[in-house]
There are 2 protein chains.
Amino acid sequence: MASRNATPLVHPDTDALVFTDVLTALSDPLRLAVVAELAEGAEKPCGSFRLPVSKSTQSWHFRVLRESGVIRQRDDGNRRLNSLRRDDLDARFPGLLALALREAQALRVPPEDSPDSNGPPPP
Amino acid sequence: MASRNATPLVHPDTDALVFTDVLTALSDPLRLAVVAELAEGAEKPCGSFRLPVSKSTQSWHFRVLRESGVIRQRDDGNRRLNSLRRDDLDARFPGLLALALREAQALRVPPEDSPDSNGPPPP
DNA sequence: CATCATGTTCGACTGTAAGCGAACATGATG
DNA sequence: CATCATGTTCGCTTACAGTCGAACATGATG
């Protein structure tokens with residue numbers, strides 16, 4: 001469904017990143033989670049994030065992230081691979097990404113109350 | 001209209017600041033302008049900002065800023081004085097405010113096209 | 001080639017953000 | 001005390017963000 005005549009995957013130039021747009025993109029917990037996962041480094045297809053929303057909604061969130069310049073997307077056969085525009089973000093808004101990642105970590109399933117961090121999550 | 005029985009001016013604790021809420025607060029150009037103006041240091045009453053929206057809308061924006069923990073408000077007789085919670089923000093999200101201020105500066109009436117930055121703005 | 005997997009797009013719906021004016025509350029001022 | 005200045009609150013609109021399911025497009029796979 002990817003590399004054909006449709007929307008040609010627009011990415012804003014590094015120096016065209018808009019601060020308020022990036023903040024808006026990062027102000028959503030779901031998108032912040034995606035960013036955190038991409039921060040691990042590897043390119044990941046959209047479907048690999050297990051987001052608790054429908055596919056169409058996922059598409060929407062990835063689009064917001066791409067169009068604000070937070071992530072890069074490229075088509076690889078069937079799948080659309082996502083990566084973090086870390087260098088661009090660091091160049092344009094130094095420190096912002098680090099901050100976002102730190103907070104995304106904190107947001108990540110606040111440790112229920114188990115004394116040791118073991119065992120599977122309760123059903 | 002201020003210090004009476006109404007809403008008692010709630011401010012979130014420093015360690016209770018929510019990242020996504022702060023980002024949302026800062027992602028609005030109008031509110032960003034307010035933050036920039038408060039960054040000059042002085043306490044300023046709401047009416048002194050000359051925002052291009054109605055009074056009720058201004059009240060709304062100040063409320064968003066206060067409840068997200070970006071600004072502090074206190075009543076002084078007739079007026080409600082605003083100040084930036086700089087220390088709290090720096091403690092909780094180091095670097096974020098500096099970044100926002102830098103970008104707010106950049107947003108500030110993008111230099112029309114006058115070769116030298118002189119003369120009053122055209123009517 | 002038929003089917004499946006991966007994503008996007010479209011239209012509709014819902015909720016919230018942002019805007020306004022009118023009414024109100026209160027402190028300052030004449 | 002009457003009036004003015006400063007802000008908030010209360011509906012009420014309007015715009016947009018977020019969500020979904022259905023339909024579609026395309027690459028991969030049997």
Side-chain angles (χ1 to χ4, degrees), chain A residues 1-11 18 20-35 37-38 43-68 70-83, chain B residues 1-11 18 20-35 37-38 43-68 70-83:
Chain A
M1 21 49 67
S3 55
R4 61 188 178 319
N5 54 350
T7 29
L9 230 17
V10 53
H11 293 86
V18 176
T20 50
D21 290 353
V22 172
L23 288 200
T24 299
L26 296 178
S27 67
D28 182 285
L30 231 63
R31 292 193 288 259
L32 200 51
V34 168
V35 169
E37 203 159 335
L38 286 179
E43 282 182 315
K44 311 190 67 168
C46 299
S48 68
F49 290 86
R50 316 298 266 106
L51 301 178
V53 291
S54 71
K55 275 199 305 178
S56 48
T57 301
Q58 297 184 32
S59 266
W60 159 259
H61 284 302
F62 282 109
R63 180 140 85 104
V64 171
L65 286 170
R66 166 169 45 84
E67 292 186 344
S68 67
V70 174
I71 69 172
R72 180 177 294 106
Q73 293 190 298
R74 70 181 184 91
D75 289 325
D76 171 47
N78 215 4
R79 306 165 313 164
R80 183 158 286 187
L81 295 181
N82 304 277
S83 56
Chain B
M1 19 48 66
S3 55
R4 60 185 178 323
N5 53 350
T7 29
L9 232 16
V10 53
H11 293 85
V18 176
T20 50
D21 290 353
V22 172
L23 289 200
T24 299
L26 295 178
S27 67
D28 181 285
L30 231 63
R31 292 192 288 257
L32 199 50
V34 168
V35 169
E37 203 160 335
L38 286 179
E43 281 183 315
K44 309 190 68 169
C46 298
S48 67
F49 290 86
R50 317 297 267 107
L51 301 178
V53 292
S54 71
K55 275 200 304 178
S56 48
T57 301
Q58 297 185 31
S59 267
W60 159 259
H61 284 302
F62 282 108
R63 180 139 86 103
V64 171
L65 286 169
R66 165 168 46 84
E67 292 185 344
S68 66
V70 174
I71 69 172
R72 180 178 294 106
Q73 294 190 298
R74 70 180 184 91
D75 289 325
D76 171 46
N78 214 4
R79 305 166 312 163
R80 184 158 284 187
L81 294 181
N82 304 277
S83 55

Check the distance between [N]'s [atom2] and [X]'s [atom1] and give it to me in whole angstrom.
X      : N      : atom1 : atom2 : result
Q73(B) : dG7(D) : CD    : C1'   : 10 Å
L51(A) : dT8(C) : CG    : C1'   : 16 Å
F62(A) : dG7(C) : CZ    : C1'   : 10 Å
R63(A) : dT6(C) : CZ    : P     : 22 Å
I71(B) : dG7(D) : CD1   : P     : 12 Å
R66(A) : dG7(C) : CZ    : P     : 13 Å
R74(A) : dT8(C) : CZ    : C1'   : 18 Å

Side-chain N or O of R80(B) closer than 4.0 Å to phosphate OP1/OP2 of dT8(D):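 Checking R80(B) against dT8(D): at least one side-chain N or O falls below 4.0 Å of OP1 or OP2.
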
How long is the straight-line distance from [atom2] of [Y] back to [atom1] of [X], given to the nearest 0.5 Å?
X      : Y      : atom1 : atom2 : answer
E37(A) : S48(A) : CD    : OG    : 6.0 Å
L30(A) : F49(A) : CG    : CZ    : 11.0 Å
L26(A) : L65(A) : CG    : CG    : 7.5 Å

E43(B)/R74(B) salt bridge by N-O under 4.0 Å criterion: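 A salt bridge links R74(B) with E43(B).
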
Flag for T57(A)-S54(A): side-chain donor and acceptor within less than 3.5 Å: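 T57(A) and S54(A) do have a side-chain donor-acceptor pair below 3.5 Å.
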
Nucleotide pairing, DNA chain C (Watson-Crick or G-U, distances under 3.5 Å), in dot-bracket with [ ] and |: ||||||||||||||||||||||||||||||

Under 3.5 Å: donor-acceptor pair, side chain of Q58(B), backbone of V53(B):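 At least one qualifying donor-acceptor pair exists.
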
Residue S59(B), side-chain atoms from C-beta onward, closest of dT6(C), dG7(D), dT8(D):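 Per side-chain heavy atoms of S59(B), the pick is dT8(D).
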
Contact pattern, 5' to 3', of nucleotides 16-21 of chain D - B, S or - by protein heavy atom under 4.0 Å: -SSBBB

Polar atom pairs between nucleotides 28-30 of chain C and protein, under 3.5 Å, N or O only, would you list them?
none

